[in-house]
Student: 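Please see the structure below; I have some questions.
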Amino acid sequence: MGLASFASLAQPSHNLMPVPAEMRWGTGRLSLKAPLKLQLESTADPAVAAAASRMLARLQGPAPTRPAAGPVLQIRYGRVGQAEKFDEERYSLRVTPMGVTIDAPTSLGVLRAFATLEQLATTEKQRRYLPEVDIQDQPRFAWRGLLMDPARHFLPVAVIKRNLDGMAAVKLNVLHWHLSDDQGFRVESKVLPRLHEVGGANGYYTQLEVKEIIAYAAARGIRVLPEFDVPSHTTSWIAAYPRLASNDSTYGVYRSFRTSNIAIDPTRETTYSFLDSLFTEMTALFPDPYFHVGGDENDGRQWRRSPRIAAFMRARGMVRADGKTVDKHQLQTYFNRRVLAMLQKRNKIMVGWDEILGPDLPKEIIIQSWRGKKWLVDAVKLGHPALLSEGYYLDLNYPAASHYLPDPLPAGTALTPAQQKLVLGGEAAMWTEFADSVIVDSRIWPRAAAVAERLWSPQASTQNVPDMYRRLNAVAGQLEAVGLRHRRAPEQLLSQMAAPPTCPPCAP
């Protein structure tokens, strides 16, 4: 059907989220009464055929026993997409009364088109159809992440997988997996087994499960970024290996959810040999070229109070302008440089929270800003690639609009074009101090879809908050269809808390 046949009418109401870059709507419909016939012109990426089967099953029910004879779903792409290289996710999607056509430079674009196609499905008077439309779409930012935190409350494999399905449904492409903290170490280590034996006593992922989740994510065009937070947030490490401590105290796994202000000792060579062994193992386990080392919320009190560590700092000139007061930030930069060398030796790009930022930090380190946009701006002005998470903390239970309005590059930004290119995107964050595996879906969804739209869609198309809420309600139902439990789980919990059905009063 020619482009001219698409009516030049005002854009109709739709439930797409994220909003595509360009949409032209026609007046026709494609009935889904007959199953679509899949026509896949390339089989170079097996993830495409598998994703098509999942999408079609949700779109129109189980696959027919006989070959589908309905309208054609034609899929064309140029090459296998590599998510870890920020490969193209651009696609075109055309629906006419005769069928559906998807074209993309890479298989990643096809996966993103499937998410849009599934959202296009409309039911009216018990009849299901796709509206006639021509869509040209591509992401605004290359890095669109969701942080999940099994360190505070362990999240079983099934929980991670269904949230990966939710991420794919709204075109998020990075799972930031916060795997260690004061309260837990959640990955099996064959080199340093006490880490998971002590820190993962109430749950950890075997290395086979880690590989399973990485493969599951890759099949949906999602990268997995591991985080092992150092030098603070490491009480569970010290409980397993006391030699890491900055003082002579002994610790158990931390049970509070307040910041512990406990940090490993950055002055001992044994600390670096320990980290080298651990990072050798974990960088081999996680294939993504990026590796997150945390670096947040270390106030340095243990380092300042240790005569030995303070002497180390003074001997190396790690003091403030007065020439006397030791400067913990300089010591942490020293630590970061040592860790960076370990990661570079293994061809990894280091990512850290904004506390590690300083004028003498190597520029190749990516800065993730969580305390405010000031740190993102400061990072790119110093030449660092940067990510924004400030404004996207889902665990705070703020309304969706409060997550929708923050922008990594707001209109009127004073950053130069070169500095703007260093803003890679952003990540929603779901910390689990007060959310376990039962309710975590309801804390993430559907609000994460609002962040997903902010990071994918053109800025000019994402300023209407009331319309965002209208579409968010529709998307919430679609997310249940991919297996999330953000609606069902709270309802079940309320039912369990409610009194049993009324019955005649019992005799005293």
Student: Between Glu433 and Arg258 (salt bridge meaning N to carboxylate O under 4.0 Å), is one present in this structure?
Tutor: no
Student: I need the Thr462 OG1 to Asp467 CG distance, nearest 0.5 Å.
Tutor: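 Thr462 OG1 to Asp467 CG: 11.0 Å, rounded to 0.5 Å.
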Student: Any side-chain to backbone donor/acceptor pair from Glu453 onto Val19? Under 3.5 Å, distance only.
Tutor: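 Confirmed, Glu453 side chain pairs with Val19 backbone.
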Student: For Glu281 and Gln207, which I'm curious about, is there any donor-acceptor pair between the side chains at under 3.5 Å?
Tutor: yes
Student: Establish, for the pair Arg112 and Tyr91, whether the NZ or CZ atom is under 6.0 angstrom from the six-membered ring centre and no further than 45 degrees off its axis.
Tutor: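 No, cation not above the ring by the 6.0 Å, 45° rule.
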Student: Among Trp143, Trp353, Tyr290, exactly one meets ring pair (Phe, Tyr, Trp, His ring centres under 6.0 Å) together with His176. Which residue is that?
Tutor: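 In the set Trp143, Trp353, Tyr290, the residue that makes a ring pair (Phe, Tyr, Trp, His ring centres under 6.0 Å) with His176 is Trp353.
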Student: Ignoring hydrogens and angles, tell me if any N or O in the side chain of Lys171 forms a donor-acceptor pair with the backbone of Arg144 under 3.5 Å.
Tutor: no
Student: Is a side-chain donor or acceptor of Gln302 paired with a backbone partner of Ile262 at a separation under 3.5 angstrom?
Tutor: no
Student: Test His153 against every option in Phe434, Trp431, Phe257 by the ring pair (Phe, Tyr, Trp, His ring centres under 6.0 Å) rule and name the one that passes.
Tutor: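 Output: one option passes, namely Phe257.
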Student: Ion pair present between Arg162 and Asp441, side-chain N to carboxylate O less than 4.0 angstrom?
Tutor: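 Asp441 and Arg162: salt-bridged.
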Student: Pick from Lys348, Arg346, Lys85, Arg223: which one makes a salt bridge (Lys or Arg N to Asp or Glu O under 4.0 Å) with Asp288?
Tutor: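 Filter result, single survivor: Arg223.
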Student: Answer yes when Arg301 and Asp299 have at least one side-chain N-carboxylate O distance shorter than 4.0 Å, and no when they do not.
Tutor: yes
Student: Does Arg140 pair with Asp407 as a salt bridge, N-O distance under 4.0 Å?
Tutor: yes
Student: When the ring centroid of Tyr205 is compared with that of Phe154, is the distance short of 6.0 Å?
Tutor: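 Judged by ring-centre distance (under 6.0 Å), Tyr205 and Phe154 do meet the cut-off.
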Student: When the aromatic ring centroids of Tyr334 and Phe312 are compared, is their separation below 6.0 Å?
Tutor: yes
Student: Tell me whether Asp165 is salt-bridged to Arg54, with the criterion being a basic N under 4.0 Å from an acidic carboxylate O.
Tutor: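 Here Asp165 does not pair with Arg54 in a salt bridge, since their nearest N and O are not under 4.0 Å apart.
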